[in-house]
Amino acid sequence: MKKDLVKIIEDALKTLGIETPPHIEIEIPQKESFGDMATPVAMALSAIVKKPPRKIAEEIINSIKDKTVFEKIDIAGPGFINFTFSKKYLYSELKNLIQDKSRFLRYDIGKDKRVQIEFVSANPTGPLHLGHGRGAATGAALSNLLEAASYKVEREFYINDAGKQVKLLGLSVFARYQQMLGIEYPFPEEGYRGGYIEEIANAIMKEEGGKYLQKGFDEVSDFFTDYSYKMMLSDIRKDLTDFNIIFDTWQSERELYNKGDVEKAIDDLKTKGFIYEKDGAIWFKATSFGDDKDRVIIKQDGEYTYFTSDIAYHRQKVEKKYDELIDIWGADHHGYIPRVKAVIEALGYPKEKLKVLLVQMVTLLRGGKPVQMSKRAGEFITLREVIDEVGADTTKFIFLTRRPDSHLEFDLEAAKAQSSENPVFYVQYANARINSIFTHAKEKDINTDNLYDTNLGLLSSNEELRIVRKLLTYPMIFEGAVNAHEPHRITFYLQELSGMFHPYYNKYRVITEESEMSRARLALCEAIRIVLLDGLEILDVNAPEKM
RNA sequence: GCGCCUGUAGCUCAGUAGGACAGAGCAACUGCCUUCUAAGCAGUGGGUCAGGGGUUCGAAUCCCUUCAGGCGCGCCA
């Protein structure tokens, strides 16, 4: 629909001899009385052509050769051109939608470009919390969205299984283990204190018994560390699976060390001249690429920093020939962006190659009061607990009805209390009702095949035409969401579409004695279902047939 | 002190590359189930878009500034 219109306007401008602007803006007017689509292009051109906007608008309209797809074209306000499509055009577009949804629903925006999206990447030192859930929902939806727009998407989870934190996890488990055997082993100051530490210690006890009693941690640290983080990681995988989030690749940080990638990365930067020594440490010259400080990559004690393996990690990403790299991080890591981008530039790639999408913090509330969470004391609500309490679909939908950069207040009580009036159910319910209509149609022996081949012209009520128009704007919403990397636009659209279906359902009966009318309305329902299912699939939200 | 994000209806949030009288859901109040699922529908009220300047034909949207909240400024990860 939009493509057709853009073409028409371009042609008109060509006839007028006006140079076509790079982006012809088409918008869906807020008011339905302003027509189906509008363009402010005449106003934008006013300064260039040096004519009043309304005059230009008039000329554009006069230069449109074929006006049959329009019912009317108006000039409004300061110089908007408002287009109202003819019913005939709307019906033919609706028919296309039902007949060939795969072609109609979306544009080939990605053109098979390769994109890697890295998200969640939680340290395997504890269970996933709500913030990870938000990153997971956002990353999965963005991946699906881009994939639907014919990008080749790879979803990656980066496992921080090297370094101090996992070792500390191992030590925490070791300490609990010793304590369980009655030894007064000092618990590490910064250790992990959650209940899951005991669970791991228990698991070890069950499998290995007390054979590590009285051993020094140094002797058994590899065993405890590996056992602990692997168990954590498998919990994380399970949580993600239950949250319906799938990853294509799991990249291990250890592997980067073991394969020598970290050293290679350092050598590479050294050759390029961005490495130097100072105060007994080795530094990367991040300031040469806009970071405020140079960054240590090998400490005085000879250990690498977290950043060092991240250099290797991003080097590997950049060299894998993706057309686009997207990292989804919690907003608390925003200060980290300049140094990673500095690495990319230092390696000789444009820093635009990497896009970092920040997902803002989630505040967990219960009945309007903040839930105290202290990582230190091991008191925090996990993603699993939230899913168990309010459901995966509801949780995801709440995440996806917000912009990623808005701070999110997640109220457990509200999410639960609203469960019967929650927006996600509203959308799912629309789909369930449509399924129910189709079941009913079968009982009445109404043919539900080839619904595109019906007299769609019978869909002439205001409600029906509004729905048709809404359906036809879906590709535009989709395109906007893809380009902006904003899956939440789909969420809002689905709510609006459902908000048109339910009143319609209430006012009109689809299955009646008039079989031709019944089939026309079934066709409309089918179109709504197609779009709802498409949107829900992108959001990774289930669409139950019955509710 | 510096940097990033946010401030829109009582609450939670949208507002599409500045555009047409500011939107939705919840909550509140009033009605609607012998007819395809009432997790639904119909109706009512509710806003100096944090404050102040500026740019523009036009600003919730861009710039400056003040205030408020969150987050970050390690040889931690």
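Excluded from the calculations below are hydrogen atoms, water molecules and symmetry mates; all remaining heavy atoms, backbone and side chain alike, are included.
Under the Watson-Crick or G-U wobble criterion, with both distances below 3.5 Å, B:A22 has no partner in any strand shown. B:C49 makes up no base pair with any nucleotide shown, lacking Watson-Crick or G-U wobble contacts both under 3.5 Å. Pair check for B:A28 finds B:U44; Watson-Crick or G-U wobble, both atom distances under 3.5 Å. Here B:A38 sits opposite no nucleotide as a Watson-Crick or G-U wobble pair (both hydrogen-bonding atom distances under 3.5 Å). When Watson-Crick and G-U wobble pairs are counted only if both distances are under 3.5 Å, B:C4 pairs with B:G70. Here B:G58 sits opposite no nucleotide as a Watson-Crick or G-U wobble pair (both hydrogen-bonding atom distances under 3.5 Å). Across all strands shown, B:A14 forms no Watson-Crick or G-U wobble pair with both key distances under 3.5 Å. Base-pair partner of B:C75: not found among the strands shown (Watson-Crick or G-U wobble, both distances under 3.5 Å).
Atom name C1', nucleotides B:G15 and B:A24: the rounded distance is 10 Å, in whole Å. Taking the C1' atom of each, B:G45 and B:A39 are spaced 25 Å apart, rounded to whole Å. Taking atom P in both B:A27 and B:U12, the straight-line distance is 15 Å, to the nearest Å. B:C64 and B:C4: their P atoms are spaced 10 Å apart (whole Å). Spacing of P atoms, B:U30 relative to B:C67, comes out at 46 Å, to the nearest Å. Separation of the P atoms belonging to B:C21 and B:A38 is 39 Å when rounded to the nearest angstrom. Nucleotides B:A60 and B:A50, compared at atom C1', are 12 Å apart to the nearest Å. Rounded to a whole angstrom, the distance from the P atom of B:U61 to that of B:G52 is 12 Å.
Put simply, A:F80 rests on the base of B:A20: the two rings are less than 5.5 Å apart at their centres and nearly parallel, under 30°. In this structure, the aromatic ring of A:F492 is not positioned over the six-membered ring of the base of B:A24 within 5.5 Å between centres and 30° between planes.
Taking every side-chain heavy atom of A:M361 into account, B:C71 is the closest of B:C36, B:A42, B:C71. With B:C36, B:U6, B:A77 as the candidates, the nucleotide lying closest to the side chain of A:R339 is B:A77. Out of B:C41, B:A77, B:C21, the shortest distance to the side chain of A:Q165 is found at B:A77. The nucleotide whose nearest atom lies closest to any side-chain atom of A:R433 is, among B:G74, B:A38, B:G19, B:A38. Side chain of A:Y426, nearest nucleotide from B:G40, B:C73, B:C75: B:G40. The A:M547 side chain lies nearest to B:A39 when the options are B:A39, B:A20, B:A77. Nearest nucleotide to the side chain of A:K293, out of B:G74, B:C71, B:G40: B:G74. Closest to the side chain of A:K164, out of B:G72, B:C76, B:C4, is B:C76. Distance from the side chain of A:Y429 is smallest for B:A39 among the nucleotides B:A39, B:C71, B:A20. Of the candidates B:U16, B:C21, B:C36, the closest approach to any side-chain atom of A:K31 belongs to B:C21.
Ring-centre distance between A:F80 and A:F34: not below the 6.0 Å cut-off. Less than 6.0 angstrom separates the ring centroid of A:F274 from the ring centroid of A:F289.
A salt bridge does not link A:E156 with A:K317: every distance from a Lys NZ or Arg NE/NH1/NH2 to an Asp or Glu carboxylate oxygen is 4.0 Å or more. Ion pair A:D161/A:K230 not flagged as a salt bridge, since none of the NZ, NE, NH1 or NH2 atoms sits closer than 4.0 Å to an Asp/Glu carboxylate oxygen.
Considering only side-chain N and O atoms, A:R403 lies under 4.0 angstrom from the phosphate OP1 or OP2 of B:A14. Distances shown here put every side-chain N or O of A:R295 at or beyond 4.0 Å from the OP1 or OP2 atom of B:G74. Not one side-chain nitrogen or oxygen of A:K442 sits closer than 4.0 Å to the OP1 or OP2 atom of B:C36. For the OP1/OP2 pair of B:U35 and a distance below 4.0 Å, the side-chain nitrogens and oxygens of A:Y505 include no atom meeting the criterion. Note on A:H488: every side-chain N or O is 4.0 Å or more away from OP1 and OP2 of B:U16. Contact annotation: A:K278 side-chain N/O to B:C75 OP1/OP2 distance is not under 4.0 Å. Within the structure, every side-chain polar atom (N or O) of A:Q495 is placed at least 4.0 Å from both OP1 and OP2 of B:G25. Residue A:S46 places none of its side-chain N or O atoms closer than 4.0 Å to OP1 or OP2 of B:G58.
If you take CD of A:Q360 and C1' of B:C13, they are 15 Å apart, rounded to a whole angstrom. Taking atom CZ of residue A:R134 and atom C1' of nucleotide B:C13, one finds them 11 Å apart after rounding to whole Å. Protein atom CD1 of A:I28 is 15 Å distant from nucleotide atom C1' of B:G19, rounded to whole Å. For A:H334 and B:C71, the NE2 to P distance is 12 Å, given to the nearest whole Å. Rounded to whole Å, atom P of B:G25 lies 12 Å from atom NE2 of A:H502. Note: CG (A:N431) to P (B:A39) measures 16 Å, nearest angstrom. Between the C1' atom of B:A39 and the CG atom of A:D393 lies a distance of 14 Å, rounded to the nearest Å. In this structure, A:F307 atom CZ and B:A77 atom P are separated by 12 Å, rounded to whole Å.
Within a 6.0 Å radius of NZ in A:K299, more than 12 heavy atoms belonging to other residues, nucleotides or ligands are found.
Between the side chain of A:N82 and the base of B:A20, at least one donor-acceptor pair of N or O atoms lies under 3.5 Å. The base of B:G69 is paired with the side chain of A:H407 by a donor and an acceptor separated by under 3.5 Å.
Positionally, the nearest nucleotide of RNA chain B for A:P404 lies more toward the 5' end than for the other of A:A432 and A:P404.
Using a 3.5 Å distance cut-off with no hydrogens or angles, the side chains of A:R433 and A:H502 do pair a donor with an acceptor. With hydrogens and angles left out, the side-chain atoms of A:D310 and A:Y336 include a donor and acceptor closer than 3.5 Å. For the residue pair A:Q428 / A:D393, a side-chain donor-acceptor distance below 3.5 Å is found, with atom types taken as modelled. A:Y504 and A:E464 are linked by a side-chain donor-acceptor pair at a separation below 3.5 angstrom, with hydrogens and angles left out of the test. Side chains of A:E253 and A:S309: a donor on one and an acceptor on the other come within 3.5 Å.
A:K507 comes within contact range of no nucleotide atom at all, as no heavy-atom separation falls under 4.0 Å. Among the protein residues, A:M476 comes within range of no part of the nucleic acid, since none of its heavy atoms lies under 4.0 Å from any strand. Across all strands shown, A:N160 has no heavy atoms under 4.0 Å from either base or sugar-phosphate atoms.
Annotated as syn: B:C33, whose glycosidic dihedral is within 90° of 0.
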